[in-house]
Amino acid sequence: MKITAPHLGNVYIAAKALFDGLGIEYIMPPMNNKEALEIGSLYSPEEICLPYKIMIGNYIQAIEKGADTVILPGSCGPCRFGKYAEMQMNLFNKIGKDLNFIVIDAPTDIGIKELYSRVNQISKNSRRRKIRQVGALIRAVKVMNLIDEIEEKAHYLAGYEVIKGECKRLLNSCKRDVLNTNNPRDMIGILEEYKRKLDSVKIDKDKNPIKIAIIGEIYTIIEPFSNLYIEDKLMDYGVSTKRRLTPSWWVKDTLLKPTKLNSLEIKRSASKYLSIGVGGHGRECIGEAVLAQKEGFDGAIQIFPLGCMPEIVSKAILPTISKEKDFPIMSLVVDEMTGEAGFVTRVEAFIDLLERRRKNVLSRS
Amino acid sequence: MYYLGVDVGSVSTNLVLLDKNNSVVEKIYIRTKGSPIKAVQEGFKILRDKYDNIKVYGAGATGSGRHIAATLIGADAVKNEITSHAVAALEIDREVKTIIEIGGQDSKIIILRNGVVSDFAMNTVCAAGTGSFLDRQAERLDIPIEEFGDYALNSNIAVRIAGRCAVFAESDMIHKQQLGYNKADIIKGLCDALVRNYLNNVGKGKEILPKVFFQGGVAANKGIKTAFERALGFEVIVPKDYNVMGAIGAAILGREIAEKEGKTNFKGLDLASSIFESNSFECTDCSNRCEVVKLHENNRSIGCFGDRCGKWSNRVKAI
């Protein structure tokens, strides 16, 4: 069995750590690229959201590299994502490509027995002893947490760095170097080394850069290709960014969901404007916008794919927050037709808006 | 003391020369025709012939071709169109609260409060109602674009045209023509449809307060201006240099930065006689597959664009 999984930000690094640790062959699809999107758009229904199309591209490019099984986290329907697995299975049947799907759903949806049997489909391919398999899983989670931490730090420090571009360079070489080993222990070592390096990046504490919170639909904010590398661009502009939604946040949130103790701070902040879940991460988007304002950010950028239902709800609520709290929020919609020129113009203009607002406030007071 | 602003847009390339009071000394409006480099050079030729001995103390570039223009001329400021238009409008009148800007391919709304941009929006899905669509319709009806707006003013009854999509608007216009409506009424209907489309899409949810400035090439169209006034219920002001406002803003921003730095990067008006060449290739070093454009001046490479990692664009900067 040769396993693959669609891209979602840096999850491929953790996936590699997991399957290397289990001793199962893992085929990493080529990093998201135009070709993957073109393939995906060719096979997907036109109205489906962008993540679906990119994922189809990932599968087909992975099949070309020899993959025969895909692992996909399911979610049984908080938004269209809940239908992805079924639709994709159907699609591959239709186009006559052999691809076995293993969908990991929450036990509340499919029962603990079914979940166990699905996980077993994967783990039975591992010749390692059970205890070592558990060890591989723990290390993979550690890898995921580490890379998320590193990324968060780099995005935030980019506004304070003395040598321009240092954080971005470190982050990029970290992502490159971590793939050079097949030993999860070494991966953790490399990541910890880069974390230390980031801690010793020369920073100017008096800088007070523009700070922007990135909020919105989880796939399009985590997966840089889908948002035209907005976080990289903001690093180039010397803007500090913060994004609460990360793969490690998602795992924690999903595990805690049955206890209703997940993301309490976000839910509490959202309650004044949106007190119930509207699917996807619509409520989180609202909560994050309120939190960003409270934490002294200059503005927020909401990103979501065209046709995303939960985020359309939050998009309609955001202007109220923006007005009541005097907090600029810009919404950006992405799909395969998004032109880079107009996208960049909006982002640049938004940064200018934040900068000039600040100057104006200072000159008036 | 002169300052230069260059706005390379989809349809036109505009150059302005400002004096030390930021008043316009010269404005040049050239059709881009798909070759931004040539258009900028052409503009420089006109400037050089007229103002041979002047010294430019700061330069700025804006428009969708701002990056290529900036590399070409050595601009001090490279700014997006939204900021440039806002800066130019505020220079004329600090009281402006709304800017309607309709150019060749973009339409934008900029909301200003207390002299700063507080919100903005751009057309996302369709280019119906922008300059290039009007251009095409004028051509189809065999009316010079300069007279297009006057036709609308001669009509009393507007024919209702579906203005949401450029293609459907055109078929609807043809349909109405075949039914026998006269040109003036159809043009007036088109103006109304485009304004309706603008206010419902770009201007959706935005508080449009007077004073309203109407900028960009389409502001020359009196039919659209009156349609806006009718829909909004108050006066819409078209500033004197409405068609080069972006370039004026760029010049002012270029001046600000050049004064702050104490020097300018401007390369001089002589680049009119340089030979520029550009070639593009797909970088295959990683799976991003960036399309990189390389720009050469007299066989010397002066800039690269389009790469994400900075490998190409930084290399030239280092030289």
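Letters go in sequence order (proteins before strands), and every chain restarts at 1.
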Q | Atom CZ of B:F168 with >12 non-hydrogen neighbours under 6.0 angstrom | A | no
**Q.** B:Y198: ring-ring contact (aromatic ring centres under 6.0 Å, His included) partners, not counting sequence neighbours
**A.** B:F228
Q. Between B:F120 and A:R346, which heavy-atom pair has the shortest distance, and what is it?
A. CZ-O, 3.4 Å
**Q.** Interchain contact, B:D106 with chain A, by part (heavy-atom threshold 4.5 Å)
**A.** neither
Q: Not counting sequence neighbours, which residues clear salt bridge (charged side-chain N to carboxylate O under 4.0 Å, His left out) with A:R169? List them please.
A: none
Q. From A:D326 CG over to B:R113 CZ, what is the distance, rounded to the nearest 0.5 angstrom?
A. 12.0 Å
**Q.** Structural part of A:N172 lying under 4.5 Å from a heavy atom of chain B
**A.** neither
Q.
Please classify the contact between B:L253 and chain A as side chain, backbone, both or neither, with a heavy-atom cut-off of under 4.5 Å.
A. side chain
Q: Inspect the surroundings of NZ in A:K65 and state if more than 12 heavy atoms from other residues, nucleotides or ligands are less than 6.0 Å away.
A: yes
Q | Portion of A:K168 that has a non-hydrogen atom of chain B nearer than 4.5 angstrom | A | side chain
Q. A:E35 versus chain B, heavy atoms under 4.5 Å apart: side chain, backbone, both or neither?
A. side chain
**Q.** Nearest-0.5 Å distance, CD of residue B:E282 to NZ of residue A:K34
**A.** 5.0 Å
Q) At a heavy-atom separation under 4.5 Å, does A:F225 approach chain B through its side chain, its backbone, both, or neither? A) neither
Q. Residue by residue, which of residues 74-87 of chain B have a heavy atom closer than 4.5 Å to a heavy atom belonging to chain A?
A. B:K79, B:N80, B:E81, B:I82, B:T83, B:V87
Q) Non-hydrogen atoms of chain A under 4.5 Å away: do they reach the side chain of B:V116, the backbone, both or neither? A) side chain
Q. Considering residues, nucleotides and ligands other than B:K33, do more than 12 of their heavy atoms fall under 6.0 Å from its NZ?
A. no
Q | Partner residues of B:F305 under the ring-ring contact (aromatic ring centres under 6.0 Å, His included) criterion, sequence neighbours left out | A | none
Q) Take atom NZ in B:K206; do more than 12 heavy atoms of anything else shown fall under 6.0 Å from it? A) yes
Q. If you count heavy-atom pairs under 4.5 Å with chain B, which of A:D236, A:T345, A:N33 comes out on top?
A. A:T345
